[in-house]
Amino acid sequence: MEFAPLHSWDVDPAEARAIQKSLAANVDVSPPLGPWETIAAADVSYNKYSDWLYAAVIVVRAGTFELVERVGVVGKATFPYIPGLLSFREAPVVLEAFRKLQARPDVVLCDGQGTAHPRRLGLACHLGLWLELPTIGCAKSLLCGKYDEPGPDRGDRSPLVHRGEVVGSVVRTRSRVSPVYVSPGHRCDLESAVAVTLATSLKYRLPVPARLAHEYVNAIRRAADEDRTLPL
DNA sequence: GCGACAG
DNA sequence: ATCTTGTCGC
């Protein structure tokens, strides 16, 4: 894929927050997602005591989850993990992976929050703006906001509220299993984000594309670790 | 000031 | 995220 840079990634935490506040004004979560034939998922893996980062993007066909394409990249971390600033650590390497991607997916699932973020610019929003693609944030844990525990059955959901705003939905993708935190990233509304999440996660807690991206990025990390460790 | 805090 | 075996519950 091809896309233009929106800003520098060589920033400090204060500058990062300023960029988030500025970009948040451009996020569009009003349109329902249109028909989607292909869906992508991105994931990042780290190495404990080194600053190597691994990213992967996989694209599958809707409904069948048939693999369309997958790419992986290795890079160095240039920003630490700071709650609320995750995209400044992960987005650069994820975007590198997207640049290598030939296909242009109809929607992208991101491992983290979308608008359910203190400044309304979670990783999914940030990637959506850079890629100019519909994105959805599907996180495994809460960053901010409050909610009432959703019902126990698959499909049960509860609004996630932050400072008086509904910023996402806490969704039960499997009965009797911990819910996931869904919020739109860009060019997609909350309802569509929840619909896509439920449509892609029938058997497991996390959406199938997210699971595929996760296992692929780990395969890449293990292979890279081996190539770097054994020769020395 | 105190507690919370995606991956 | 990562380090890790067995174990409880549907």
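Naming convention: chains lettered A, B, ... in sequence-line order (proteins, then strands); numbering from 1 in each chain. From a predicted model like this one, the values you see are computed outputs, not experimental measurements.
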*Let me see the working for His7(A) and Trp130(A) under side chain to side chain donor-acceptor pair (under 3.5 Å), right down to the final yes or no.*
CA-CA 9 Å; His7(A) 59 77; Trp130(A) 270 75; 3.2 Å; yes
_Closest to side chain of Pro83(A), choosing from dG7(B), dC5(B), dC3(C)_ = dC5(B)
_Residue Leu123(A), side-chain atoms from C-beta onward, closest of dC3(C), dA1(C), dA6(B)_ =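 The closest nucleotide is dA6(B).
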*asked:* Nearest whole Å is fine: how far is dA6(B) P from Asp111(A) CG?
replied: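 In whole Å, dA6(B) P and Asp111(A) CG are 12 Å from each other.
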*Measure from CZ on Arg222(A) to P on dC3(C) and round the result to the nearest Å.*
11 Å
Using a heavy-atom cut-off of under 4.0 Å over every strand shown, decide if [X] touches base, sugar-phosphate, or nothing.
X	result
Glu90(A)	sugar-phosphate
Leu142(A)	sugar-phosphate
Leu85(A)	base
Gly137(A)	nothing

Checking side-chain polar atoms at under 3.5 Å, does [X] have a donor or acceptor matched by the opposite partner on [Y]?
X	Y	result
Tyr181(A)	Tyr147(A)	yes
Asp28(A)	Ser30(A)	yes
Ser158(A)	Asp148(A)	no

*Only stems of 3 or more consecutive Watson-Crick or G-U pairs count here, both distances under 3.5 Å; name the ones for DNA chain B, or none.*
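So the stems come out as none.
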*Does Glu132(A) come within less than 4.0 Å of Arg104(A), counting only side-chain N to carboxylate O?*
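Looking at Glu132(A) and Arg104(A), the cut-off is not met.
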*Whichever of Asp43(A) and Arg176(A) has its nearest DNA chain C nucleotide further upstream toward 5'*: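 On the 5' side of the pair lies Asp43(A).
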*At their closest point, which heavy atom of Gly128(A) faces which heavy atom of His186(A), and how far apart are they?*
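Minimum heavy-atom separation between Gly128(A) and His186(A): O-CD2, 3.4 Å.
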*Stacking of Tyr46(A) on dG7(B) base (centres under 5.5 Å, planes under 30°)*: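 Aromatic stack with dG7(B) absent for Tyr46(A).
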*asked:* Side-chain N or O of Lys140(A) versus OP1/OP2 of dA1(C): is the shortest distance under 4.0 Å?
replied: yes
